[in-house]
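Take a look at the structure set out below.
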Amino acid sequence: MKQLFPVPHVIGFVSSLLLSLIALVVVKFNLTFAAGMTILGITALFQAGLQLFLFMHVGENEDKRSLLTNIAYALFVGLVTIFGTLFAMLWGYNMI
């Protein structure tokens, strides 16, 4: 039974919740813009690393080509989501 329990997934989930709570500090407390963006940037980078290593099983695959393809695809989807949101929310607002 112990072999079937997904320890890395539980660690990833708990760490994800902890990083989200740390990022909530930015909203809850009156921090300066620089301090808030620094905290958000650090938690976002750690969150992305957690997602890659614990949920996408980056370390489990021996085939480097598929590993790099998966990482490139994840980066592409992330960047399209970020810039698409910026486009729709910021630049698209000025077009109305």
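The figures that follow rest on heavy atoms only: side chains count, while hydrogens, waters and symmetry mates do not. Being a predicted model, the structure only gives us computed values, none of them experimental.
Following chains of ILVMFWY side-chain contacts shorter than 4.5 Å, one cannot reach F76 starting from F83, and the two form parts of different hydrophobic clusters. Hydrophobic cluster membership is shared by M37 and F29, with clusters built from Ile, Leu, Val, Met, Phe, Trp and Tyr side chains linked at under 4.5 angstrom.
Between the CD1 atom of I82 and the CG atom of L75 there is a distance of 9.5 Å, given to the nearest 0.5 Å. Here I39 contributes atom CD1 and I22 contributes atom CD1; the two are 9.0 Å apart, rounded to the nearest 0.5 Å. Within the model, atoms CD of Q47 and OG of S20 stand 5.0 Å from one another, a figure rounded to the nearest 0.5 Å. Annotation: the span from L31 atom CG to L40 atom CG amounts to 9.0 Å, rounded to 0.5 Å. With rounding to the nearest 0.5 angstrom, the CG atom of L24 is 12.0 Å from the CG atom of L17. Residue F46 holds its CZ atom at 11.0 Å from CG of L18, rounded to the nearest 0.5 Å.
When all heavy atoms of G36 and V26 are compared, the pair lying nearest together is O-CG2, 3.6 Å.
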